[in-house]
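To find a chain, count down the sequence lines: A is the first, B the second, and so on, and within it residues start at 1. Values below: all heavy atoms of this structure, side chains included; hydrogens, waters and symmetry mates excluded.
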Protein chains: 2
Amino acid sequence: MAGFDLAREVSDKYSLRGMVFTKIREDILNGVYKEHEELKEAKIGKELGVSRTPVREALRQLELEGLVQIIPNRGAFVTGISAKDVQDIYMIRARLEGLCARWACEFITKEQMEAIEENVYLAEFHSGKGHMEQLAELDNQFHHILYEACNSKFLKHQLLDYHEYLLRVRRKALGTQTRATVSIKEHRAIMEAIRAGNANLAERLASEHMTNAYENLVQNGLYDVYKK
Amino acid sequence: MAGFDLAREVSDKYSLRGMVFTKIREDILNGVYKEHEELKEAKIGKELGVSRTPVREALRQLELEGLVQIIPNRGAFVTGISAKDVQDIYMIRARLEGLCARWACEFITKEQMEAIEENVYLAEFHSGKGHMEQLAELDNQFHHILYEACNSKFLKHQLLDYHEYLLRVRRKALGTQTRATVSIKEHRAIMEAIRAGNANLAERLASEHMTNAYENLVQNGLYDVYKK
DNA sequence: CATGTACTGAGTGTATACAATTATACATGC
DNA sequence: GCATGTATAATTGTATACACTCAGTACATG
């Protein structure tokens with residue numbers, strides 16, 4: 001996409017710093033490093049076979065991503081996510097996903113529209129078979145397509161941020177079969193609203209899609225881990 | 001506020017990196033560095049009397065803040081802000097300021113409520129006298145109080161980001177007398193909705209406050225500088 | 001003249017050395 | 001026993017040296 005984005009792709013995967021950044025990020029998201037665990041520059045550098053410099057830079061970036069907190073002269077620590085944080089993010093996302101869908105009505109390209117339609121069809125197919133792995137991937141893809149389609153680098157950047165951030169929670173909250181079915185119905189409704197160019201409807205549906213996802217998360221009590 | 005925040009205060013003002021970060025950030029916001037200007041590590045380090053290391057770290061952070069773009073092996077460049085970017089940010093802010101006002105209804109403390117009321121009174125006073133300097137400061141303050149009152153570190157962080165980001169534009173768009181008057185009326189309405197605990201109204205008013213501010217900006221054609 | 005190629009220099013990427021700060025352990029005094 | 005002080009180790013903060021990349025340029029070649 002024109003090779004310009006704010007954060008994600010910018011931490012080029014081929015410099016040492018970029019690789020270290022990606023690695024630590026994954027390790028945090030996958031729970032390799034627990035909350036409040038200290039990340040020591042020398043230790044990580046040794047493990048990855050690099051010096052402290054790229055590790056430091058990666059940590060400084062992860063700080064701004066919100067995944068670690070750096071206390072001057074003390075060190076870097078994995079940030080905690082409380083239940084309220086999760087709720088906040090879902091509510092913020094509800095607004096922004098709505099805005100994203102609204103803008104998609106205006107800016108979506110033919111190719112993107114086709115990609116969305118294919119995505120929904122595929123999801124409906126895998127849903128019947130109970131392929132949860134593919135469904136999770138398709139869900140990610142659905143949202144990513146919209147993030148591109150909204151044609152706003154800021155909104156896209158923001159939503160990508162929150163999306164990845166919530167992986168820490170969602171990894172544990174693999175959707176139930178029933179939620180998956182409902183979720184896909186909502187995707188279809190959003191898709192059709194966008195195809196019809198109905199911006200108000202698309203915004204409302206996308207926003208509700210988020211609050212529903214959050215309700216589901218809460219009802220299943222799937223993130224007790226993060227209760228403070 | 002409990003000494004914990006994601007980005008702003010985190011770049012401690014007392015380490016070299018923090019100082020460099022703050023300095024470059026200010027220089028960009030104040031227009032010392034023009035758009036697309038290259039920021040060379042050695043040159044900046046020399047000017048500030050520090051080595052390249054803290055400069056590099058500061059630049060990497062500014063990249064994630066969206067103020068500079070780093071091209072691997074090439075350098076750091078001040079990002080451009082297009083007219084559409086400005087519009088996008090205002091629309092995003094419209095949603096988030098609304099959410100912020102909604103949450104403030106729930107979480108605002110007695111002290112914060114008093115601070116908001118005092119802020120509005122003062123603004124009404126200075127408005128009559130045409131003290132534009134104080135009005136700008138009070139406007140900042142009004143929003144910052146709400147950012148605290150919403151009780152969400154994520155939302156606060158996000159809104160602070162955009163708020164400072166827009167300084168690059170607003171610096172040139174010093175409000176007109178008439179806009180100032182209207183703006184303060186809107187502040188009062190928001191304040192009263194929060195005091196009444198009317199979340200729906202507060203959210204709507206705060207959101208409209210943003211779209212109005214943007215409309216004003218456009219009508220006065222005050223940011224032609226940023227036209228692509 | 002156009003094109004390709006090797007060279008060069010400016011600038012970033014990384015490693016490492018050293019300084020400053022903080023944490024830990026232990027001794028000392030009350 | 002508890003607080004306080006001090007020495008030492010561990011860790012981060014900063015500076016610097018060196019390696020690598022890339023854009024531009026001069027020059028050779030067709």
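- At the phosphate of dT12(D), neither OP1 nor OP2 sits under 4.0 Å from any side-chain N or O atom of R56(A).
- Between the CZ atom of R74(A) and the P atom of dG13(D) there is a distance of 11 Å, rounded to whole Å.
- Residues from residues 42-55 of chain A lying near DNA chain D, meaning a heavy-atom separation below 4.0 Å, are R52(A) in numerical order.
- Ring planes of Y214(A) and Y90(A): tilted class, angle from 30 to 60°.
- Taking atom CG of L16(B) as the reference point, atom C1' of dA19(C) lies 12 Å away to the nearest angstrom.
- We find that NZ of K40(B) is positioned 18 Å from P of dC22(D), with the value rounded to whole Å.
- E148(B) and Q112(B) form no side-chain donor-acceptor contact under 3.5 Å, judged by distance and modelled atom types alone.
- Comparing dT14(D), dT12(C), dG13(C) by their closest approach to the side chain of E38(B) singles out dT12(C).
- Rounded to a whole Å, the CZ atom of R60(B) is 8 Å from the C1' atom of dT12(C).
- Across the protein-nucleic acid pair, E41(A) atom CD and dA17(C) atom C1' stand 15 Å apart, rounded to whole Å.
- Residue contacts for L39(A): at a heavy-atom cut-off of 4.0 Å it reaches the sugar-phosphate backbone alone, with no base atom in range.
- Along DNA chain D, the nucleotide closest to A76(A) and the one closest to N73(B) are compared, and the more 5′ of them pairs with A76(A).
- Because its NZ or CZ atom is both nearer than 6.0 Å to the ring centre of F107(B) and within 45° of the ring axis, K84(A) counts as a cation-pi partner of that residue.
- Note on ring orientation: taking the six-membered ring where Trp is involved, the planes of H163(B) and H143(B) are tilted (angle from 30° to 60°).
- At a threshold of 4.0 Å, the pair E106(A)-R102(A) does not count as salt-bridged, since none of the basic side-chain nitrogens sits closer than that to a carboxylate oxygen.
- A salt bridge between E203(B) and R95(A) is present, with a side-chain N of the basic residue lying under 4.0 Å from a carboxylate O of the acidic one.
- Looking only at atom types and distance, the side chain of E97(A) has a donor-acceptor partner in the side chain of Y147(A) under 3.5 Å away.
- Remark: P of dT14(D) and CD1 of I70(A) are 12 Å apart, rounded to the nearest angstrom.
- Per the geometry, CD belonging to E63(B) stands 10 Å off P belonging to dG13(C), to the nearest Å.
- With rounding to whole Å, L59(A) atom CG is found 13 Å from dT11(D) atom C1'.
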